[in-house]
Protein chains: 2
Amino acid sequence: MTSDRAYHHGDLRRAVLTAALDVIRTEGPAALSLRDLARRAGVSHAAPAHHFKDRTGLLTAVAAEGYALFADTLAAAPDLRERGVAYVRFATTHPAHFQVMFQPDLYRTDDPDLLAAKDRATAELRAGVATLAPTGAPRLTGIAAWSLAHGFATLLLSGNLTDAVGDRDAEEVFREVGRLLFTPGRD
Amino acid sequence: MTSDRAYHHGDLRRAVLTAALDVIRTEGPAALSLRDLARRAGVSHAAPAHHFKDRTGLLTAVAAEGYALFADTLAAAPDLRERGVAYVRFATTHPAHFQVMFQPDLYRTDDPDLLAAKDRATAELRAGVATLAPTGAPRLTGIAAWSLAHGFATLLLSGNLTDAVGDRDAEEVFREVGRLLFTPGRD
DNA sequence: CGCGGGATCTAGTCGTTGACAAGTTCGCGG
DNA sequence: CCGCGAACTTGTCAACGACTAGATCCCGCG
């Protein structure tokens, strides 16, 4: 179903998107080529453009899908702590999405679909902070938690934490980090 | 001095590097074109290649210079807290360097100059953690501090913290965040 | 049944880029 | 003054993004 149909591909959009995620994950967004993706899908070099308009359009679609998945992942976690873990888990399970999402110069930041998905993710993020934040500074706590999770996830993906984590599970390490900083007695 | 010389440019390497940093800062690493940089410097399209070999070589040079500057910045800060602030300050004052440094798929990670500079920066980072870490888990504290600073800096550069910070100074906000998480009584 | 229209894909082309090769100019030491 | 290497130029090729025009298919409507 995902592959060979005679003329109409069936679901070329998804095929190209999936292939793009594969390339981004293994070689980075810079290595992305519409023509290469077309070859992988077995279609002509201009076929992907019909679904994504542009190379930028493709990356915009990746970012939009990423934010949508991200919002779902966050929504599934109960409190702030688990939401942080979910943040890190999303980065490891969807590295390509994550990588593109936080490089706004790669895509169109004014895309309607993208904005909707991003707003949803942001709302989930804020809701997470609301479950904690007993001390007077919810905004500051939010920035702190977000920075911690995002920094951990980013360093993890860029390979700067491989020796620090070792052969342990990254999520478990992050859980300990969160426990270290966010449990001085209150909570 | 920086511009017109007859045949020999004088310091084309630096001129190209500076122009590259300018492009990366304003349009991102993806928009980087050797031919465009050559045009800006007023030299032929192949001149930059003589100094950097490759597009990848140019980005490797950017990353190497970035890590060197980064190590200097960190070394100038006394304790862990100030080192965190210095981390954020580096990201805001050298956004192009920072952006490239933490995208290893853009450059050659086995370059000798790069490795030397990165090792120096890593050593400074570790030394910073050594000044604090009174509780039993220095490694975990290090990961926490690094993640916090790196996450804050990254989110700041990607524009995800602009409304949260508002018109205040980013460094000052980060100082408060650090105070919030790293001062439960000890220190 | 067939036919028309829109969505999907193909084929061809143009300007730009990265990479490479070979030649040219410059400066500097012997 | 000469030659030798570094710095730079000119020319070229394959690949890519973007665009256009046209072919093919699917689907509903008469």
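Values in this document were obtained by computation on a predicted structure and should not be read as measured data. Naming convention: chains lettered A, B, ... in sequence-line order (proteins, then strands); numbering from 1 in each chain.
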Using a 4.0 Å heavy-atom cut-off across all strands, classify [X] as base, sugar-phosphate, or nothing.
X	value
B/Leu32	sugar-phosphate
B/Leu37	nothing
B/Arg55	sugar-phosphate
A/Asp54	sugar-phosphate
A/His45	base

To the nearest Å, give me how far apart [atom1] ([X]) and [atom2] ([N]) are.
X	N	atom1	atom2	value
B/Phe52	D/dA7	CZ	P	12 Å
B/Lys53	C/dA19	NZ	P	9 Å
A/Leu58	D/dG17	CG	C1'	13 Å
A/His50	D/dC26	NE2	P	15 Å
B/His51	D/dT9	NE2	P	9 Å
B/Arg39	C/dG15	CZ	P	15 Å
A/Leu12	D/dC26	CG	P	15 Å
A/Arg35	C/dT13	CZ	P	13 Å

Euclidean distance, B/Glu82 CD relative to B/Asp79 CG, rounded to 0.5 Å: 6.0 Å
Selection from D/dT9, D/dG17, D/dC19 that lies nearest to any side-chain heavy atom of B/Val43: D/dT9
Out of C/dA11, C/dT17, D/dT9, whichever nucleotide has its closest atom nearest the side chain of B/Ser44: D/dT9
Parallel, tilted or perpendicular: rings of A/Phe90 and A/His97 (30°, 60°): tilted
Short side-chain to backbone donor-acceptor contact, B/Thr109 and B/Pro104, under 3.5 Å: no
Salt bridge present between A/Arg25 and A/Asp22 (N-O < 4.0 angstrom): yes
Side-chain N,O (A/Ser33) to OP1/OP2 (D/dA15) below 4.0 Å: no
Check: A/Phe98 ring centre within less than 6.0 Å of A/His94 ring centre: no
